[in-house]
Amino acid sequence: MRSPACAIFLGYFAALCCKETFGVYVSSDNSNVEVHEFGEAILSCKYKLEKEHPVRLEWKKVVPNGDISFIYYNNTLAANLRGRAEMIESSIWFKNTTRADSGKYRCEVTAPKDNKSFQEIVIDLKVLVAPGVPVCDVPPSAMSGTAVELKCRESEGFPVSEYRWYKNGILLAVNPAPNARLTNSSYTVNSASGTLQFNTVARMDTGDYYCEASNGIGKSQKCAVRQLQVDDLNVAGIIAGVVVVALVMLFCGLGVFYAQRKGYFSKGNTSGKEGSQKMASQNENEFKHTKSFVI
């Protein structure tokens, strides 16, 4: 049989342990809410009090950079929510959600007369958005044997989109068969980043390409078809061009050498000097004639 002192001690100890449980208690029916864009959503927040008395209810949103913005304060909704949201007791009813509403929301209840006077809960709201039309970057031409990268990206969808590439209307496998006869097996498709990478492109890769973005929300979207033309390197043409240029330079050099041997450049310089001397002599005679006339 327990002594009265032991019972008193146990009761006191239990009171100390349970003191914090006597007070305001906040809960939610759903702490992770997902809704399609422009749909309705309820951020549920309920509370129980140790004593019935007025409380202060506030809703705050944690923005991506860590700052806090008031959603419901002093019994008033934020200006950007008026007309498309309203309070249902301590919960928020979104009548028309937008992608900008995604984020973490805090429901805070302050009960000054309770032993535990404050508690909060966090509710995560995710607004699901269908993908937008992706932008594709496909080079119009390439030489066989070179590395070529095709890019595809869209930034509107949530969750983030995955990508698939098509050639001539046929889906390209993420992992191509290594010994395929009609397909270049050197390519890789990154469904997360949207890239189609050819390690060594070949003539068989010539065709019309487009990519498709999807995230399970709404319809998938695809970019406009772009053509990629792959040509073989014309080695014979390059060699012929080099030979022609070399022959032209050779003939020009031989022509200059022949002209120097014949003295065409020397005669031109001599005749130039003789013309200059003749002009100087004529000017001197004219000066002497003028001087005699003056005398």
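For clarity, every value in this text was computed on a predicted model and none was experimentally measured.
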Set out, in order, the CA-CA distance, both residues' side-chain angles and the distance that settles side-chain hydrogen bond (donor to acceptor under 3.5 Å, both in side chains) for Glu162 and Asn215, then state yes or no.
CA-CA 6 Å; Glu162 292 188 349; Asn215 64 354; over 6 Å; no
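- Here the two cysteines Cys45 and Cys107 have their SG atoms closer than 2.5 angstrom.
- In this structure, Phe38 has no ring pair (Phe, Tyr, Trp, His ring centres under 6.0 Å) partners at least two apart in sequence or on a different chain.
- Using a distance-only test at 3.5 Å, with no hydrogens or angles considered, a donor-acceptor pair links the side chain of Ser28 to the main chain of Ser44.
- Hydrophobic clustering (ILVMFWY, side-chain heavy atoms < 4.5 Å, transitive): Val62 and Tyr72 are in distinct clusters.
- Within 6.0 Å of CZ in Phe118 there are more than 12 heavy atoms belonging to other residues, nucleotides or ligands.
- To the nearest 0.5 angstrom, Leu43 atom CG is 10.5 Å from Lys61 atom NZ.
- Put simply, the side chain of Ser141 never gets that close to the backbone of Gln229: no donor and acceptor are under 3.5 Å apart.
- The side chain to side chain donor-acceptor pair (under 3.5 Å) test applied to Tyr166 returns Glu212, not counting sequence neighbours.
- Asn168 contributes a side-chain N or O that, together with a main-chain N or O of Asp208, makes up a donor-acceptor pair within less than 3.5 Å.
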List the atom pairs, with distances to 0.1 Å, where a side-chain N or O of residues 192-199 and a protein N or O form a donor-acceptor pair under 3.5 Å, not counting sequence neighbours.
from   : atom 1 : to     : atom 2 : distance (Å)
Ser193 : OG     : Asn190 : OD1    : 3.4
Ser193 : OG     : Asn190 : ND2    : 3.3
Ser193 : OG     : Thr195 : OG1    : 3.2
Asn199 : ND2    : Ser186 : O      : 3.1

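- Remark: side-chain polar atoms of Ser144 are not paired, donor with acceptor, to backbone N or O of Arg203 under 3.5 angstrom.
- Under 4.0 Å is where a charged nitrogen must lie from a carboxylate oxygen, and between Asp101 and Arg84 at least one such pair does.
- Interatomic distance, NZ of Lys104 versus CG of Leu125, reported as 10.5 Å (0.5 Å rounding).
- Under the 2.5 Å SG-SG cutoff, Cys223 and Cys152 do not qualify as a close cysteine pair.
- Distance alone, capped at 3.5 Å, is enough to place a donor-acceptor pair between the Asp114 side chain and the Glu50 backbone.
- Annotation for Lys151: atom NZ does not count as buried by contact number, only 12 or fewer foreign heavy atoms lying within 6.0 Å.
- In this structure, the separation between CZ on Phe158 and CD on Glu34 is 7.5 Å, given to the nearest 0.5 Å.
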